[in-house]
Amino acid sequence: MTNETTTRPRTDSAARYSPREIETRWQARWEADGLYLTSDDDPRPKWYALTMLPYTSGDLHVGHWYAMAPSDAAARFKRMHGYNVLFPMGFDAFGLPAENAAIKNGRHPAEWTFANVERMRGQLKSMGAMFDWSREVVTASPDYYKWSQWWFLQLLKHDLAYKKRAAVWWCPKDQTVLANEQVLDGKCERCDTVVMKRDLEQWFFRITNYAEELLDFSKMQWSEQIASMQRNWIGKSVGAELRFGLDVQGVETKEIRVFTTRPDTVYGVTFFVVAPEHPLVEQITTPEQRDAVRAYVDAARRESEIDRMSTEREKTGVFTGAYVTNLFNGEQVPVWTADYVLSTYGTGAVMAVPAHDQRDFEFAKKFGLKIVPVFQHPDWDGGELTAALGHGGSMINSGPFDGTPDEQAIAAVVKYAEEQGYGRGTVNYRIRDWLISRQRMWGAPIPIIYCETHGAVPVPESDLPVLLPDDAEFRPTGESPLTYHEGFLRAKCPTCGEPGRRETDTLDTFMCSSWYQMRYIDPHNDERPFSRELAKKWLPVDQYTGGSEHAVMHLLYTRFFTKAARDMGIVAFDEPMLRLFNQGQILGPDGQRMSKSRGNVIAPDGEVEKWGADTFRAYLMFLGPWDGGGPYDASGISGVYRWLSRVWTVVTGEMRTGAHADTPETRELRRWTHKTITKVTDDLTEFRFNTMVAALMEFTNHLVRLRESGAEVDAGAWREAQESMALILAPSVPHIAEELWSRLGKPYSVHTQTWPSFDAELAADDAVEIAVQVNGKVRERLMLPVDAPEDVLRAQAMASASVAPYVEGKEIVRVIYVPNRLLNIVVR
RNA sequence: GCCGAAGUGGCGGAAUGGCAGACGCGACGGUCUCAAAAACCGUUGGGCCGCAAGGCUCAUGUGGGUUCGACUCCCACCUUCGGCACCA
């Protein structure tokens, strides 16, 4: 087939790179052969690579390709390193868009959802990724959500799920409650509608039980960015809970507790503030103050959350007429109610220390309340304060504590408080329990039956799944059809058999995606969510990839789920995903996040049709660092296509070869081959896909130049270059790599080959260019053999006509020599 | 306000403290063509000198510092992006 000494067939159209033909052919072959099916019995070490599953929105967009193509390359790379790689794919299929589409078209959400699954699976397949489709999971299918319901029952059994009445976020447009995590800037995460508070009885998971452990990231390699976002969200504060005496006629409660991070300022308390929603407000308010307080509380209730959250606005508040006693000094201080105190944080009440807290300071100034400094701060001259004082100095006005330095103050006061029974040291977290009820139909029904006699009774595991009705009728009430579906509602109490009523709320879709990685390992098991043996073999996930927009939602929930599963004896590890890489977000051309409502979603189909999947994959990898993201712009894609065309031409074309094992051209060729293998290996290991593509381009350019120079090289070295090219292309551009491998006469498949090793000796240069600087400025570049001794280099440098003028007549102070890089002559 | 990341050509971006701008897009010039597209070849940070080969010089957000040498390390500031935010 190869003809020793012909020149290349430049414009032979039959030999041109035609991606579409190649890609459809190989995709069919791979599927027919089951090339990407992962066996549970494979003895090789396992590697579980996972990329976040897409929501069934309708079409795959550029963002999906951007997230998945590099993940696929990384998974394939692992496979070529001898790992038994599990790289599954599925669909997050419950949620509101399906329901909204159903209301609009008058069809069942399942229709819309499963049609989207079909379409998106096809689109995903066009990517040529190594997904094992035999393990696909769809969270909205009964054989999946049966197990979501099972998880709910386990959590309930272990007191990690509970129902309570609480003020919860409500989205008036979506007509459902939301978890705290799903409220962004006071708006619904899904639809951007301003949310409101409602008092409702809802199901919660006790994620707060794990607040402290969730702060520990030491058992995995996650980015500092995500860790800090989660830490922020959990919001740990160390301080103390202090009691204040309450003595109001007709009020049973004799104390109010506050959380403070500054118990050491307790002698500076000059007033006390409770949130307008605080249950005691109504009770303690004196008759004279009643009208004013009621008006204030009502106004606060009516105000939008966005207005209330603003930090800029002036402090407001009303005196309740009541007083509390500071147990430390027996002082009575007035109790105010003000909306700068949040009912959801701490105890909903604060001890106000205007001298040492800026918010209390502003409030005191506005309402003419006393300000008593309790630290002799070094910056304070004893005059009237213009702002609250920070940490520093030692205690004053603090009875027995006067003179205690700042560093010891908190510990001393807490110790005293505990001895006297005034309070105790404690830790407070900002995170709230996870609200998982949704008043929507397209979700997994919460498996509970309400009975007149027995209350909320869990559905027995043997009765799972609680199926969604397939004849849901959508009325324009905004309410879930489950609430008026007689067939669904009617149920017998599992305890007494009397007629009961089913829970009509469904599970938050984030609960369904909190454990999907566990289902992939055993997706067809109908006895258990997954077998223990397979869990032991595959879990946890070794490498997870996905967007950082899930930092305090999915990525926090799945960690909680794993810890709960561990404590319930279901799994034996602490963290769901050992390594996490967050790719950046690909934005629309307008620089905005791609979303259907903005109309800036770009479908990749056109580009894939035009250039091929390989080109598109490589282009997305080439754009820049993967964690960078940025606006999508297709203008550079032709360059990547041109590159793959050149690869095609140079690898399939003919070359003048012979036996020339030791010519400079052959040595140079080997050097390029081994250098490129080295670089591509390193870059794939570190997820530096952009520089990997650049290195492959440079290698290609060298081969093209070499071929066009007409030089003859060693046949073995050329062969090695061709085969190496196919192998190192395989993870990123799997189709062309397979085709080239096949055309080189190698056995199917390139994707089951071992990653090529590189020879450092062959990769090493035998001559290097060394920069010669005088006082840090480059004056000359010299070619020298590798590891040339300093004196040889120095002699040549001094002799150089471009160096001499800068050195002549000057005193040489110092000479710095960095082997194989540069020589810097310092003169005076 | 607090936490995190980042500022490099017209654009995307590259550079273990050691030759700034790899690789690619775009632009310009050329080959092929009746012509255009495609493809291929060449040039391409700014300024200055030179017919030319080439040389000089400025340049990595701003200002300082450390160093023989700074895109890289340190300090301050500015800007952008992401997160949290009246969290006691």
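Because only heavy atoms are used, hydrogens play no part in the values below, and waters and symmetry mates are left out as well, while side chains stay in.
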*Asks:* Sticking with atom C1', work out how far B:C41 lies from B:G46, rounded to a whole angstrom.
*Replies:* 27 Å
*Asks:* Under the side-chain hydrogen bond (donor to acceptor under 3.5 Å, both in side chains) test, which residues partner A:H278, sequence neighbours left out?
*Replies:* none
*Asks:* If we check ring-ring contact (aromatic ring centres under 6.0 Å, His included) with A:Y17, which of these qualifies: A:W611, A:Y641, A:W643?
*Replies:* A:Y641
*Asks:* Can you tell me which residue among A:F363, A:F361, A:F244 is in a ring-ring contact (aromatic ring centres under 6.0 Å, His included) with A:F271?
*Replies:* A:F363
*Asks:* Once salt bridge (Lys or Arg N to Asp or Glu O under 4.0 Å) is applied, what residue pairs with a partner in residues 257-272 of chain A remain, sequence neighbours excluded?
*Replies:* A:E241-A:R257, A:E255-A:R257, A:R262-A:D264
*Asks:* When the distance from CZ of A:F689 to P of B:A14 is rounded to whole Å, what number comes out?
*Replies:* 14 Å
*Asks:* Could I get a table of every N or O pair under 3.5 Å where one atom is in the protein and the other is in nucleotides 53-61 of chain B?
*Replies:*
unit_1 : atom_1 : unit_2 : atom_2 : d
B:U57  : OP2    : A:R779 : NH1    : 3.3

*Asks:* Taking the minimum atom-to-atom distance to the side chain of A:S638, which one of B:A14, B:C86, B:G26 wins?
*Replies:*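 Among B:A14, B:C86, B:G26, the one nearest the side chain of A:S638 is B:G26.
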*Asks:* Per the salt bridge (Lys or Arg N to Asp or Glu O under 4.0 Å) rule, what does the pair list look like for residues 683-699 of chain A, sequence neighbours excluded?
*Replies:*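 For residues 683-699 of chain A: A:K679-A:D683, A:D683-A:R688.
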*Asks:* Please state the P separation for the pair B:G24 and B:C34 - nearest whole angstrom.
*Replies:*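 To the nearest whole Å, 31 Å.
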*Asks:* Please identify each residue that fulfils side-chain hydrogen bond (donor to acceptor under 3.5 Å, both in side chains) with A:T270, with sequence neighbours left out.
*Replies:* none
*Asks:* Using a heavy-atom cut-off of under 4.0 Å over every strand shown, decide if A:R642 touches base, sugar-phosphate, or nothing.
*Replies:* sugar-phosphate
*Asks:* Excluding sequence neighbours, so at least two apart, what forms side-chain hydrogen bond (donor to acceptor under 3.5 Å, both in side chains) with A:W336?
*Replies:*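 Partners of A:W336 under the side-chain hydrogen bond (donor to acceptor under 3.5 Å, both in side chains) test: none.
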*Asks:* Is A:E212 paired with A:K236 through a side-chain N to carboxylate O contact shorter than 4.0 Å?
*Replies:*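 A:E212 and A:K236: salt-bridged.
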*Asks:* Give me the distance, rounded to whole Å, that separates B:A6 from B:U60 when you measure between the C1' atoms they each carry.
*Replies:*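 Approximately 13 Å lies between the C1' atom of B:A6 and that of B:U60.
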*Asks:* Between B:G18 and B:G69, how far is it from one P atom to the other, in whole Å?
*Replies:* 14 Å
*Asks:* Only counting residues at least two apart or in another chain, list the ones meeting side-chain hydrogen bond (donor to acceptor under 3.5 Å, both in side chains) with A:H674.
*Replies:* A:E720
*Asks:* Write out a two-atom table: protein N or O, nucleotide N or O from nucleotides 5-8 of chain B, distance below 3.5 Å.
*Replies:*
none

*Asks:* What N/O pairs connect the protein and nucleotides 21-23 of chain B at under 3.5 Å? Give each pair on its own line.
*Replies:*
unit_1 : atom_1 : unit_2 : atom_2 : d
B:A22  : O2'    : A:E698 : OE1    : 3.4

*Asks:* Please enumerate all protein N or O atoms sitting under 3.5 Å from an N or O of nucleotides 63-73 of chain B, with distances to 0.1 Å.
*Replies:*
unit_1 : atom_1 : unit_2 : atom_2 : d
B:C68  : OP1    : A:R814 : NH1    : 2.8
B:C68  : O2     : A:N824 : ND2    : 2.5

*Asks:* Can you check the distance between B:A38 and B:C32, where both ends of the measurement are the C1' atom (answer in whole Å)?
*Replies:*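 Looking at atom C1' only, B:A38 and B:C32 are 11 Å apart.
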*Asks:* Among all residues two or more places apart in sequence or in another chain, which pass the salt bridge (Lys or Arg N to Asp or Glu O under 4.0 Å) test with A:K370?
*Replies:*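 Scan of A:K370 (salt bridge (Lys or Arg N to Asp or Glu O under 4.0 Å), adjacent residues dropped) gives none.
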*Asks:* Considering only the C1' atoms, how many Å lie between B:C81 and B:A27, rounded to the nearest integer?
*Replies:* 30 Å
*Asks:* Sequence neighbours left out, what passes salt bridge (Lys or Arg N to Asp or Glu O under 4.0 Å) with A:D360? Give chain and number order.
*Replies:*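 A:D360 satisfies salt bridge (Lys or Arg N to Asp or Glu O under 4.0 Å) with no residue once adjacent residues are dropped.
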*Asks:* Could you identify the nucleotide paired to B:G69, looking across every strand shown and requiring Watson-Crick or G-U wobble geometry with both distances under 3.5 Å?
*Replies:*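 Pairing partner: none.
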*Asks:* Is the closest basic N to carboxylate O distance between A:E654 and A:R707 below 4.0 Å?
*Replies:* no
*Asks:* For B:A85 versus B:C3, give the span between their C1' atoms, rounded off to a whole number of Å.
*Replies:*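 After rounding to an integer number of Å, I get 11 Å for this pair.
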*Asks:* State plainly whether the residues A:E708 and A:R705 are in salt-bridge range, i.e. N to O under 4.0 Å.
*Replies:* no
